[in-house]
Amino acid sequence: MSALEAKLGVPKKKGEEKPTAEKLERARREKVNHFRNQQKIYIEGTDLPEPIATFEQLRDQYKIHPKIMQNIEAAGFQYPTPIQMQAIPVMLHDRELLACAPTGSGKTLAFSVPILVHLKQPMNKGFRALIISPTRELASQTHRELVKLSEGTGFRIHMIHKAAEAAKKFGPKSSRKFDILVTTPNRLIYLLKQDPPAIDLARIEWLVVDESDKLFEDGKTGFRDQLATIFLACTSPLVKRAMFSATFAHDVEQWCKLNLDNVISVSIGARNSAAETVDQELLFVGSETGKLLAMRDLVKKGFMPPVLVFVQSIERAKELFHELIYEGINVDIIHADRTQQQRENVVQSFRSGKIWVLICTALLARGIDFKGVNMVLNYDFPSSAVEYIHRIGRTGRAGRTGRAITFFTEDDKPLLRSIASVIQRAGCPVPDYIKHFHKLQSKQKKKMIKKPLEREHILTSPRFLQRKAKRKGIISQKGVKKGKAKNNNAHLQTVPEK
DNA sequence: AAAAAAC
C-alpha cells in the first residue's frame with residue numbers, strides 16, 4: 001500500500017455494513033478533498049487527478065526513471081511541496097494547467113519532473129519540451145536545475161546562447177540530438193523567423209510558460225505578442241501547455257479558459273499573497289536623502305549579507321551604486337544595460353558570496369533563487385503589489401526565513417495601502433495610520449503604474465570622494481567600474497582599507 | 001511606465 005493510499009484509503013471497520021462502490025468512491029473523494037484543504041491546494045476543473053503525498057508515488061504510479069528518482073532524493077527534496085503534489089499528477093495526466101503558488105515553493109521542480117517523466121527517454125527527434133522565461137538569468141537557472149535533475153538519464157537540455165550558433169546547432173541540417181529547450185522569447189523568435197526557420201517546434205509536447213503573468217503583459221513593448229508567435233509555432237496536435245507564476249492575473253485565467261483544452265487551475269494558499277516566511281517591514285524615510293541615510297544606517301548597524309536592493313530604474317541603480325561603493329562593503333550592480341558577461345559574473349559572484357549587497361532592477365525580481373538571501377531592501381517603493389510580492393520572494397525561500405524592508409516617502413502614499421494590505425495579510429505588523437489611508441481605485445492604480453513617480457536623483461557623493469576613489473582604482477574615469485580582469489572583476493568592488 | 005527581450 002502506498003503512502004497516499006494509506007492516507008486516502010478507506011479504513012475498514014468491523015461490523016460495518018459492506019460499503020457499496022458509490023460509498024467507497026464518495027469516501028475517497030472526501031479524503032482527497034480533506035487532504036487538499038490541509039495542504040491549501042485549491043483546484044478547479046473537471047476530472048481532477050489526485051494529488052501525490054510522496055515522491056515514491058512517482059515510482060509506484062507513474063514509472064519515473066529511477067535515475068530521476070535518485071536525483072530528487074540526492075538534491076534533498078524529501079516531500080513534495082503542495083504545488084508539486086498537485087501540479088505533477090495534473091501534468092502527468094496530460095492535462096493543461098494554470099498554476100499559482102507562492103515564491104520559493106518549488107514551482108520549477110513542479111513542472112520539470114512531469115516533463116522528464118513524460119518524455120520517458122532521450123530521442124533524436126528534436127525538441128519535445130519548451131520552457132519560456134522572462135529573463136536570461138531565470139532561463140539559465142531553470143536550465144541548470146533541469147540538467148541536475150536529469151543527470152545520468154542522457155536527456156539533452158539546451159539554452160540559446162548566441163542565436164547564430166543556435167541556428168547551426170538546432171537547424172534542419174542538425175542531427176536533432178536534443179530534448180528540452182529553455183529560453184527567453186525573443187531569441188527563439190529570431191530563430192523561428194529565419195528563412196527557412198532555424199528551429200522546429202513542431203514536435204513540442206509540453207510548453208511551459210514560467211512567470212506567465214509577466215509573459216502575458218500586453219502592449220507595444222509587452223511580451224504577449226512574442227508569446228503568441230511561439231504558441232503558433234508549436235503545431236503538434238499533441239502539444240500541452242502549462243502556465244506557472246507566484247501571482248495570479250485575471251487576463252491569464254481568461255485566456256486559459258478560452259484557449260486551453262479543459263484547463264485545470266491550481267492555486268496554493270491565498271492568491272497574490274506574500275510568502276509567509278518573510279518578515280516584512282515598512283520604513284518611513286521622509287525623502288530621497290532620508291533613504292540614503294537609512295541605508296547607511298542599516299550598513300553601519302551591521303546587517304546580514306547577502307542583501308538584494310531593489311530600485312525602480314537602471315539610472316537609479318547606477319546612482320545608488322556610486323553612493324554605496326564608498327561604504328566599504330562588497331557591492332555590485334545588475335541590470336539589463338550591463339553586458340551578458342557582466343551579468344553572468346555578477347550572478348556568479350553573488351551566489352558564491354563574494355558580493356554582499358547587490359543593487360538590481362526588476363531584472364532580478366522574478367524567479368531567481370539565490371540560496372539564503374537574508375534581506376531584500378526595497379530602496380524604491382515597488383510599482384505594484386504584484387511587483388512587491390515577487391521582489392520580497394527572493395528571500396524566505398524553501399522554508400527558510402527572510403526579511404524585507406521597504407522604504408517609503410510621502411510620494412509613495414498612493415500605493416502604500418495596497419502593499420500594506422499584502423503585508424498585513426501575511427501576518428506582519430503595519431502602522432495604524434497607514435491602515436486608515438483610503439484605498440486607491442483600480443483606475444487610479446493603473447494610472448500610477450502607467451506614470452511612475454519621477455524621483456529626485458539619489459544624492460551624489462562629494463567630488464573629492466570620487467577623485468579619491470579614482471586614484472585608488474575603484475572606479476574608472478567615466479565613473480563605471482574598471483573591467484580590467486575580464487572574467488572576474490568581483491574583487492574590484494571591495495573598497496581598500498584606509 | 002519601467003524593465004525585459006535578438007542579431
Side-chain angles (χ1 to χ4, degrees), chain A residues 130-142 159-171 181-195 197-199 209-230 233 245 247 308-320 333-344 346-347 359-368 378-388 390-391 394 411-412 414-415 440 442-455 458:
Chain A
L130 173 60
I131 297 155
I132 309 289
S133 304
T135 62
R136 297 197 276 258
E137 282 70 16
L138 184 53
S140 160
Q141 175 183 292
T142 304
M159 253 185 77
I160 306 172
H161 288 283
K162 286 267 185 290
E165 274 170 39
K168 283 180 207 153
K169 229 156 85 186
F170 309 137
L181 178 64
V182 189
T183 184
T184 47
N186 241 353
R187 292 179 169 196
L188 177 56
I189 288 170
Y190 178 80
L191 296 183
L192 288 170
K193 288 199 168 153
Q194 305 283 308
D195 187 24
I199 196 165
V209 181
D210 200 7
E211 306 296 342
S212 53
D213 52 339
K214 166 57 66 173
L215 289 169
F216 264 77
E217 257 177 28
D218 211 344
K220 214 167 129 192
T221 54
F223 276 116
R224 196 161 189 158
D225 292 339
Q226 300 174 28
L227 199 57
T229 307
I230 294 166
S245 183
T247 44
L308 275 176
V309 180
F310 281 96
V311 291
Q312 168 190 282
S313 68
I314 294 174
E315 208 41 53
R316 289 179 60 79
K318 290 176 183 168
E319 288 174 10
L320 183 58
I333 170 174
I334 188 168
H335 51 69
D337 271 4
R338 302 207 74 189
T339 67
Q340 189 69 69
Q341 190 62 59
Q342 285 171 325
R343 283 165 63 164
E344 277 167 30
V346 167
V347 167
I359 299 164
C360 61
T361 59
L363 173 70
L364 285 193
R366 283 175 177 259
I368 299 299
N378 287 318
Y379 190 90
D380 286 341
F381 209 65
S383 65
S384 68
V386 165
E387 196 191 340
Y388 175 78
H390 286 278
R391 280 186 186 184
R394 297 318 101 211
D411 299 337
D412 300 312
L415 277 170
L440 221 54
S442 65
K443 231 186 191 174
Q444 292 172 284
K445 266 191 233 167
K446 272 182 193 152
K447 219 167 121 192
M448 281 297 300
I449 289 168
K450 268 190 183 149
K451 199 169 187 307
L453 280 173
E454 273 184 41
R455 300 180 190 277
I458 294 171

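To find a chain, count down the sequence lines: A is the first, B the second, and so on, and within it residues start at 1. Values below: every heavy atom of this structure, side chains too, minus hydrogens, waters and symmetry copies.
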May I have the distance from [X] (atom [atom1]) to [N] (atom [atom2]), rounded to whole angstrom?
X      : N     : atom1 : atom2 : result
A:E387 : B:dA2 : CD    : C1'   : 8 Å
A:L415 : B:dA2 : CG    : P     : 15 Å
A:R343 : B:dA3 : CZ    : P     : 13 Å
A:L364 : B:dA5 : CG    : P     : 10 Å
A:L138 : B:dA5 : CG    : C1'   : 13 Å
A:Q312 : B:dA3 : CD    : P     : 8 Å
A:E315 : B:dA3 : CD    : P     : 9 Å
A:R136 : B:dA3 : CZ    : P     : 15 Å

Just checking [X]: base, sugar-phosphate only, or nothing, at a heavy-atom cut-off of under 4.0 Å?
X      : result
A:R366 : nothing
A:I314 : sugar-phosphate
A:K214 : base

Got a sec, which residues hit salt bridge (Lys or Arg N to Asp or Glu O under 4.0 Å) with A:R391, two or more places apart in sequence or on another chain? A:E387

Pull out every residue in residues 164-171 of chain A that has a heavy atom closer than 4.0 Å to any atom of DNA chain B, ordered by number, or say none.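 Close to the strand, none.
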
List in numerical order all residues of residues 221-230 of chain A for which some heavy atom is under 4.0 Å away from an atom belonging to DNA chain B.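 Heavy-atom cutoff 4.0 Å gives A:T221, A:F223, A:Q226.
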
Side-chain heavy-atom pair [X], [Y] within 4.5 angstrom cut-off:
X      : Y      : result
A:E211 : A:L138 : yes
A:L130 : A:T183 : yes
A:L181 : A:I160 : yes
A:D337 : A:E315 : no
A:I314 : A:K318 : yes
A:R455 : A:D412 : yes
A:E319 : A:V311 : no
A:L363 : A:R343 : yes

Checking contacts here: which listed nucleotide ([options]) is nearest the side-chain heavy atoms of [X]?
X      : options             : value
A:A163 : B:dA3, B:dA5, B:dA6 : B:dA6
A:T184 : B:dA6, B:dA4, B:dA2 : B:dA6
A:Y190 : B:dA3, B:dA5, B:dC7 : B:dC7

